[in-house]
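Below, all heavy atoms of this structure are taken into account, side chains as well, without hydrogens, waters or symmetry copies. Order of the sequence lines fixes the chain letters, A, B, ..., with proteins taken first and strands second; residue numbering starts at 1 for each chain.
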Protein chains: 2
Amino acid sequence: MKSRYAVRALTELARLERSQAGRLVRLSEVAERRGVPLQFLEQVFAALRRGGVVRSRRGASGGYTLARPADETTVLDVVVALDGVPAPAECGQGPCDQIDRCGASSVWIEAQQALEGVLAETTIGDLLRREDALGDAAPMYHI
Amino acid sequence: MKSRYAVRALTELARLERSQAGRLVRLSEVAERRGVPLQFLEQVFAALRRGGVVRSRRGASGGYTLARPADETTVLDVVVALDGVPAPAECGQGPCDQIDRCGASSVWIEAQQALEGVLAETTIGDLLRREDALGDAAPMYHI
DNA sequence: CGATTCCCGAGTATTCCAGTCAAGATTACG
DNA sequence: CGTAATCTTGACTGGAATACTCGGGAATCG
């Protein structure tokens, strides 16, 4: 949920980085462009920093930058940094005791792996390119 | 979350149905075997009935039965009946306005489709067979 | 120094979820 | 018919998570 904000913000960050190489990007700039409350973004980016997705420098003319190139930063990295690893397959805790022998749990595990697969194969760079393509061409199709 | 209880309960229901053809299954029976609070199961099965997954008859010697054969009842059916269709890709509501043109949203849509794919390909019958296999063979591997 | 920017912890208002309670409706069977 | 068994419904609750907000503190640059 908050991952969605993060992904969009990171895409914007990647775009700004591309146009002004070297310079750090202010959070207020991103917040304004995407219409997200600044103080909420601060909280999100703090978590992203702890997760090693972005790096920061503070003080005047400080800001954020991607820790790795946009094409090596996956959406899964972002989700893990924010919401923790998605675990719809908690086995070994309360509900899974001797009675059912984890046969029913296998679906959730497979589902989780499928989900992680998609998230791990998509990078921020991909999204930036997709956004560029949409911006050039069509009017907006609200799915 | 509550889908997990439902899937396990339905697996148990399928097993009981298999052994006593024709007879309806009491919820209290399922609840006891899986150690789930009865009144919670009632609530879950009410939703399953509205979703067309199970059928019921009330009164003495009433109970529940699968609406379709176990091999034609998918896990996706269950999840949809309980939590509604999983929609990590809400587009057209608040957060997705003109600024980002849904380029970033494509990941969530793909993720959702991958997840639905897995859930739609697994049936209650599959799970029952998996559980049987585990019961025969190994001690329990808590994943 | 002082402006700018990130950083952090606490606070809040709302929403969601697991589980409970109590009473009503329907059927079976004697 | 009457009674017991069983499903059906709806409201309710306590706790957790979520989406923010606020206010101040710390680093860095000019």
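Evaluated for a side-chain contact (heavy atoms from CB on, under 4.5 Å) with A:Leu82, the options A:Val7, A:Val44, A:Val53 yield exactly one hit, A:Val44. No option in B:Val78, B:Asp77, B:Leu76 other than B:Leu76 meets the side-chain contact (heavy atoms from CB on, under 4.5 Å) test with B:Val80.
Atom CZ of B:Arg4 and atom C1' of C:dC17 are 13 Å apart (whole Å). Distance CG (B:Leu48) to P (D:dC7): 14 Å, rounded to an integer number of Å. Rounded to a whole Å, the CD atom of B:Glu42 is 11 Å from the P atom of D:dT9. In this structure, CG of A:Leu38 is placed 12 Å from P of C:dC7, rounded to the nearest angstrom. One atom, CG of A:Leu41, and another, P of D:dT21, lie 11 Å apart when rounded to the nearest Å. We find that CZ of B:Phe40 is positioned 14 Å from C1' of D:dT13, with the value rounded to whole Å. With rounding to whole Å, A:Gln43 atom CD is found 21 Å from C:dT5 atom P. In this structure, A:Leu24 places its CG atom 12 Å from C1' of D:dC29, rounding to the nearest Å.
Along DNA chain C, the nucleotide closest to B:Gln39 and the one closest to B:Ser61 are compared, and the more 5′ of them pairs with B:Gln39. Taking the nucleotide of DNA chain D with the nearest heavy atom to each of B:Arg26 and B:Ala46, the more 5' of the two is matched to B:Arg26.
The side chain of B:Lys2 approaches C:dA18 more closely than any other nucleotide in the set D:dT21, C:dC7, C:dA18. Comparing C:dG19, C:dG24, D:dA5 by their closest approach to the side chain of B:Ala60 singles out D:dA5. Set against D:dT8, D:dT28, C:dC8, the side chain of A:Arg49 has C:dC8 as its closest nucleotide.
Backbone-only engagement by A:Leu27 is indicated by non-hydrogen atom pairs under 4.0 Å involving sugar-phosphate atoms exclusively.
Under 4.0 angstrom from either OP1 or OP2 of C:dG19 there lies at least one side-chain N or O belonging to B:Tyr5. Remark: A:Tyr64 is not in phosphate contact with C:dT5, judged by side-chain N or O atoms under 4.0 Å from OP1 or OP2. Within the 4.0 Å cut-off from OP1 or OP2 of D:dA5, not a single side-chain nitrogen or oxygen of B:Arg58 is found. A close approach under 4.0 Å does not occur between any side-chain nitrogen or oxygen of B:Ser28 and OP1 or OP2 of D:dT6.
Proximity of B:Ser3 to B:Asp83: side-chain heavy atoms (C-beta onward) are separated by under 4.5 Å at one or more points.
When all heavy atoms of B:Ala70 and B:Ala14 are compared, the pair lying nearest together is CB-CB, 4.3 Å. Taking both residues in full, the closest heavy atoms of A:Gly62 and A:Arg26 are given as O-CG, 4.1 Å, listed atom of the first, atom of the second, then distance.
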